[in-house]
Colleague: 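I have a structure I would like to understand better, so I am pasting it below and will then ask my questions one at a time.
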Amino acid sequence: MAKTPTKREKMMEETQEKLLKAAREYFGKYGYAATSMDEFTASVGLTRGALYHHFGSKKGLFAEIVTLIDTEIDDVLQEIANKEDDPWRALYKRGIAYLKRSLDPEFQQILLKDAKAILGTELMSIQRRCMDSDIALIEEGMKKGIIRLSSPRIMAIMLDGSLFESAFWIAEAEDSEARLAETLECWRILLEGIKA
């Protein structure tokens with residue numbers, strides 16, 4: 001039987017949620033460097049001490065935001081994969097959904113501009129879930145004879161790397177829509193190359 005949270009536990013959870021919501025808004029709007037911890041904590045009636053208590057540091061809070069956004073994206077991508085019997089089509093559609101995300105200002109600022117610079121190699125462990133999903137799809141495609149035999153891990157690393165760099169390229173353009181259209185066509189061509 002699940003334990004009912006105490007009043008204190010509920011308050012701590014509410015505080016964490018407030019901090020995450022405010023920080024996500026500020027990081028998405030102003031970027032990591034320009035986000036003042038005092039400003040966003042005050043915006044939800046909290047202090048910098050609450051941030052340190054729950055997340056250890058500004059970087060710790062940022063890592064939690066990146067994890068949260070990455071999990072949300074992976075959930076959407078997993079839902080796409082679950083609707084497909086063909087692992088190749090699932091990979092293809094997941095890539096399209098990810099690239100379309102690059103038009104979202106919050107995604108651009110937090111995941112494309114700041115995450116790699118602030119978190120460095122930590123980012124790889126945060127994004128492991130998505131990578132593991134891609135590896136599983138590739139392995140399934142290879143077993144079914146739909147995807148060429150190769151190293152599933154290396155193939156996933158290369159595909160995910162190309163998606164990330166392409167998303168960054170789209171996001172930095174004045175005409176992101178045009179770049180997205182170009183990139184989607186190239187994504188199709190690239191994925192055709194892994195078909196068995």
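Sequence positions, counted from 1, serve as the residue numbers for this chain.
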Colleague: So, taking the atom named NZ in Lys21 and the one named CG in Leu68, what distance separates them when rounded to the nearest 0.5 Å?
Modeller: 12.5 Å

Colleague: I'd like to know whether the aromatic ring centres of Phe62 and Tyr26 sit less than 6.0 Å apart in this structure.
Modeller: no

Colleague: My understanding is that only one of Thr67, Asp74, Val66, Leu111 makes a side-chain contact (heavy atoms from CB on, under 4.5 Å) with Gln127; could you say which?
Modeller: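 Only one of Thr67, Asp74, Val66, Leu111 forms a side-chain contact (heavy atoms from CB on, under 4.5 Å) with Gln127, namely Leu111.
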
Colleague: Gln108 and Asp104: side-chain donor and acceptor closer than 3.5 Å?
Modeller: no

Colleague: Under the criterion salt bridge (charged side-chain N to carboxylate O under 4.0 Å, His left out), which of Asp70, Asp160, Asp75 is the partner of Arg129?
Modeller: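 That would be Asp75; it is the only one of Asp70, Asp160, Asp75 passing the salt bridge (charged side-chain N to carboxylate O under 4.0 Å, His left out) with Arg129.
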
Colleague: Would you please test Arg101 and Ile170 for side-chain contact (heavy atoms from CB on, under 4.5 Å) and show each step?
Modeller: CA-CA 10 Å; Arg101 223 14 129 115; Ile170 292 165; over 6 Å; no

Colleague: Should Arg188 and Glu185 be marked as a salt bridge (Lys or Arg N to Asp or Glu O under 4.0 Å) after you check the CA-CA gap, both sets of side-chain angles, and the distance that decides it?
Modeller: CA-CA 5 Å; Arg188 185 189 61 74; Glu185 175 59 16; 2.7 Å; yes

Colleague: In the hydrophobic clustering (ILVMFWY, side-chain contacts below 4.5 Å, transitive), which residues join Ile154, or is it alone?
Modeller: Met158

Colleague: How many angstroms lie between atom OG of Ser57 and atom CG of Leu51, to the nearest 0.5 angstrom?
Modeller: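 It is 7.5 Å, given to the nearest 0.5 Å.
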
Colleague: Rounded to the nearest 0.5 Å, how far does CZ of Arg94 lie from CD1 of Ile73?
Modeller: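 Ile73 atom CD1 to Arg94 atom CZ measures 11.0 Å (nearest 0.5 Å).
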
Colleague: In sequence, state the C-alpha distance, the side-chain angles, and the governing distance for Ile118 and Leu123, and then conclude on side-chain contact (heavy atoms from CB on, under 4.5 Å).
Modeller: CA-CA 9 Å; Ile118 304 306; Leu123 183 59; over 6 Å; no

Colleague: Which residues satisfy the ring pair (Phe, Tyr, Trp, His ring centres under 6.0 Å) test with Phe164, sequence neighbours excluded?
Modeller: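 Result, ring pair (Phe, Tyr, Trp, His ring centres under 6.0 Å) vs Phe164: none returned.
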
Colleague: Knowing that exactly one of Leu159, Ile147, Ile96 qualifies, which makes a side-chain contact (heavy atoms from CB on, under 4.5 Å) with Leu191?
Modeller: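 It is Leu159, the one option of Leu159, Ile147, Ile96 that forms the side-chain contact (heavy atoms from CB on, under 4.5 Å) with Leu191.
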
Colleague: Between CD of Glu182 and CG of Leu184, what distance do you get to the nearest 0.5 Å?
Modeller: 10.5 Å

Colleague: What distance separates Glu17 CD from Met12 CE, expressed to the nearest 0.5 Å?
Modeller: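 Here the rounded value is 12.5 Å.
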
